[in-house]
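First comes the structure, then the notes that go with it.
Within every chain, numbering begins at 1; the chains are lettered A, B, ... in the order of the sequence lines, protein sequences first and strands thereafter.
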Amino acid sequence: ETGVTQTPRHLVMGMTNKKSLKCEQHLGHNAMYWYKQSAKKPLELMFVYNFKEQTENNSVPSRFSPECPNSSHLFLHLHTLQPEDSALYLCASSQENQGARHYGYTFGSGTRLTVV
Amino acid sequence: TQLLEQSPQFLSIQEGENLTVYCNSSSVFSSLQWYRQEPGEGPVLLVTVVTGGEVKKLKRLTFQFGDARKDSSLHITAAQPGDTGLYLCAGAGRYDYKLSFGAGTTVTVRA
């Protein structure tokens, strides 16, 4: 496989459920990102990992918990979510610094999350 | 986070017409990128502009980076239904190159 792969593509969960989103990249990138995309709002950066180390947490509620076991895999663990957390969750990867400046981010297709 | 404002928010045109989308900020960026996102998919990088005043052409798409590296425009000539999508601009920070995204312009090209 090539590019950035996200699973599942769609997820419906209740507010008391626990679920995980998975992201995998086969591009040899060393930075990975979680973004939240809601209607009519800019992409919201949630977490950044460089070389498996979390380098940014944009004041994300603790009901979202990221995990990066290696440079190719990224998870987003979800628990006790709220209906307002319903959105498209996008994973992206890049070469850090100059790589991102010139070549941007490669995004996955996203997970459409609905919290009921 | 550096704020990027895109205009217009929505644009609906007939096939064959031209359109321009704008991306403005008060911040200086080391580069400016344009992405297109289709329904149910993630954004896909179209182009990166790095030098102030730079103009890049990609078939019927023309991208320009402002002289002061604070703004950019995307012009599509003779739009086609396949150009339909959400166009996002993103600026890379001057020092850490972290991307900040605009809210996007939804373009609909009617056949």
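Of residues 108-115 of chain A, those residues lying under 4.5 Å from chain B by any heavy-atom pair are A:Gly108, A:Ser109.
Counting only distance, with no hydrogens or angles, the side chain of A:Asn70 and the backbone of A:His73 share a donor-acceptor pair below 3.5 Å. Side chain of B:His75 to main chain of B:Phe63: no donor-acceptor pair is present (N/O by atom type, distance under 3.5 Å, no hydrogens or angles). With hydrogens and angles disregarded, no donor-acceptor distance shorter than 3.5 Å links the side chain of B:Glu5 to the backbone of B:Gly102. Within the 3.5 Å criterion, the main-chain N or O of B:Ser25 finds no donor-acceptor partner in the side chain of B:Asp71. No donor-acceptor distance shorter than 3.5 angstrom exists from the side chain of A:Ser93 to the backbone of A:Met32, with no hydrogens or angles considered.
Residue contact with chain B, scored on non-hydrogen atoms closer than 4.5 Å, involves the side chain of A:Gln37 exclusively. With a 4.5 Å cut-off on non-hydrogen atoms, A:Tyr103 touches chain B through its backbone but not through its side chain. Heavy-atom distances place no part of B:Leu32 under 4.5 Å from chain A, backbone and side chain included. Of the two parts of B:Gln6, neither the backbone nor the side chain holds a non-hydrogen atom closer than 4.5 Å to a non-hydrogen atom of chain A. Contacts of B:Glu38 with chain A are absent, with no heavy-atom separation under 4.5 Å from either backbone or side chain. Heavy atoms closer than 4.5 Å to chain A are found in the side chain of B:Gln33, but not in its backbone.
A donor atom on one side chain and an acceptor atom on the other are found under 3.5 Å apart for A:His77 and A:Ser20.
Neither B:Tyr22 nor B:Leu61 shares a network with the other; the hydrophobic side chains, linked directly or stepwise wherever heavy atoms of I, L, V, M, F, W or Y lie under 4.5 Å apart, form separate groups for each. Tracing side-chain contacts under 4.5 Å through hydrophobic residues (I, L, V, M, F, W, Y), one reaches B:Val49 starting from B:Leu74; they form part of the same cluster.
Note on ring orientation: taking the six-membered ring where Trp is involved, the planes of B:Tyr35 and B:Phe101 are tilted (angle from 30° to 60°).
Contact tally against chain A (heavy-atom pairs below 4.5 Å) for B:Leu45, B:Val44, B:Thr106: the top residue is B:Leu45. In terms of heavy-atom pairs under 4.5 Å with chain B, the best-connected choice from A:His10, A:Arg9, A:Lys41, A:Glu44 is A:Arg9.
To the nearest 0.5 Å, atom OG1 of residue A:Thr80 and atom CG of residue A:Asn17 are 10.5 Å apart.
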